[in-house]
Amino acid sequence: MANEVSRPDGTRPLTVWYNTKCPVCDAGIRHQKSRLIEAVKAGRIEFLDINLEPDALAHFGAGLDDVRRRLHATDEDGRLLVGADVALAVWRRTPGQAWIATLLGAPGIVVLTRFAYDRFADLLFAWNKRNGRW
């Protein structure tokens with residue numbers, strides 16, 4: 001699987017699994033990718049469509065609908081990140097956006113960040129389902 005591939009120096013990239021069938025998710029990731037071109041080229045971060053490998057995160061207990069509902073990623077140590085924690089990890093690596101991760105990931109604030117992300121993700125998942133995207 002792509003998220004288990006190491007770079008020549010033995011490290012792994014941050015591998016973000018997202019859902020291209022969601023127009024909001026797809027647009028957001030396309031925007032982030034455009035800001036992270038150098039990191040993508042250097043292999044420090046990769047973005048993969050879960051629809052192409054629906055069982056990619058099964059060994060973590062995450063299925064297709066889990067990733068359709070919330071972003072999932074594996075970090076450089078092979079740990080699973082979910083939801084707001086993925087967004088924070090991406091912002092930390094995005095030129096000019098690390099401040100967002102610092103602010104929204106601050107102790108006490110991160111609880112609210114995760115709550116808000118999860119509520120928005122639930123609404124977006126339901127909207128996509130109603131619109132027959134899956």
Side-chain angles (χ1 to χ4, degrees):
M1 280 180 283
N3 62 332
E4 293 180 4
V5 175
S6 295
R7 297 187 316 223
D9 64 3
T11 61
R12 298 176 186 168
L14 175 69
T15 302
V16 178
W17 292 91
Y18 72 106
N19 177 22
T20 58
K21 291 185 179 183
C22 168
V24 174
C25 307
D26 193 42
I29 293 297
R30 276 189 282 116
H31 172 74
Q32 286 306 121
K33 281 169 65 173
S34 73
R35 297 195 62 149
L36 287 159
I37 290 172
E38 292 307 314
V40 170
K41 284 181 185 176
R44 292 188 309 270
I45 188 168
E46 64 182 341
F47 298 91
L48 301 173
D49 180 4
I50 195 63
N51 296 294
L52 300 177
E53 293 183 62
D55 296 325
L57 300 174
H59 61 285
F60 287 108
L64 181 60
D65 273 353
D66 295 314
V67 180
R68 285 178 172 171
R69 184 178 300 270
R70 288 172 183 73
L71 285 173
H72 282 60
T74 51
D75 71 7
E76 294 83 351
D77 296 320
R79 293 177 300 215
L80 183 68
L81 305 175
V82 179
D85 294 327
V86 177
L88 293 169
V90 171
W91 285 325
R92 277 187 203 101
R93 291 160 176 81
T94 305
Q97 293 186 338
W99 68 271
I100 299 170
T102 300
L103 177 68
L104 296 179
I109 302 297
V110 73
V111 174
L112 297 172
T113 300
R114 289 174 180 145
F115 179 81
Y117 178 98
D118 286 346
R119 297 303 70 78
F120 179 74
D122 290 340
L123 292 170
L124 191 56
F125 181 82
W127 174 74
N128 278 302
K129 203 165 188 169
R130 266 194 317 277
N131 285 292
R133 292 192 179 90
W134 55 79

For [X] against [Y], the heavy-atom pair lying closest together:
X	Y	answer
Pro13	Gly43	CB-O, 3.0 Å
Trp91	Ile100	CE3-CG2, 3.5 Å
Val86	Leu71	CG2-O, 3.6 Å

Any link between [X] and [Y] through a network of hydrophobic side chains (Ile, Leu, Val, Met, Phe, Trp, Tyr) touching at under 4.5 Å?
X	Y	result
Leu80	Trp17	yes
Tyr18	Leu124	no
Trp99	Leu104	yes
Leu48	Ile50	yes

Would you sort out whether Asp66 and Leu57 count as a side chain to side chain contact (heavy atoms under 4.5 Å, CB included), showing the intermediate values?
CA-CA 10 Å; Asp66 295 314; Leu57 300 174; over 6 Å; no

Pick one: which of Arg35, Gln32, His31 meets side chain to side chain donor-acceptor pair (under 3.5 Å) with Thr94?
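When side chain to side chain donor-acceptor pair (under 3.5 Å) is applied between Thr94 and each of Arg35, Gln32, His31, only Gln32 qualifies.
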
Tell me which one of His72, Glu76, Glu46 satisfies side chain to side chain donor-acceptor pair (under 3.5 Å) with Thr15.
Glu46

Partner set under side-chain contact (heavy atoms from CB on, under 4.5 Å) for [X], not counting sequence neighbours:
X	result
Leu112	none
Arg114	Ala84, Asp85, Val110
Ala89	Leu14, Leu81, Arg92, Arg93

For the residue pair [X] and [Y], establish whether any side-chain heavy-atom pair is separated by less than 4.5 Å.
X	Y	answer
Phe47	Leu36	yes
Asn128	Arg68	no
Ile109	Leu103	no

Partner set under ring pair (Phe, Tyr, Trp, His ring centres under 6.0 Å) for Phe125, not counting sequence neighbours
Trp134

CD (Glu53) and CG (Leu64) are apart, to the nearest 0.5 Å, by 12.0 Å

Rounding to 0.5 Å, atoms OG1 (Thr113) and CG (Asp118) come to a distance of 10.5 Å

Report, one line per pair, each donor and acceptor closer than 3.5 Å where one atom sits in a side chain of residues 19-27; sequence neighbours left out.
unit_1 : atom_1 : unit_2 : atom_2 : d
Asn19  : OD1    : Lys21  : N      : 3.0
Asn19  : OD1    : Asn51  : ND2    : 2.7
Thr20  : OG1    : Asp49  : OD1    : 3.2
Thr20  : OG1    : Asp49  : OD2    : 2.6
Asp26  : OD2    : Arg30  : NE     : 3.4

Applying side chain to side chain contact (heavy atoms under 4.5 Å, CB included), run through Thr74 and Arg12 and close with a yes or a no.
CA-CA 9 Å; Thr74 51; Arg12 298 176 186 168; over 6 Å; no

So, using side-chain hydrogen bond (donor to acceptor under 3.5 Å, both in side chains) as the criterion, who are the partners of Arg79 when residues are at least two apart?
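If we apply the side-chain hydrogen bond (donor to acceptor under 3.5 Å, both in side chains) test to Arg79, skipping adjacent residues, the hits are Asp75, Asp77.
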
Does Asp122 pair with Arg119 as a salt bridge, N-O distance under 4.0 Å?
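A salt bridge is present here (some side-chain N lies under 4.0 Å from a carboxylate O).
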
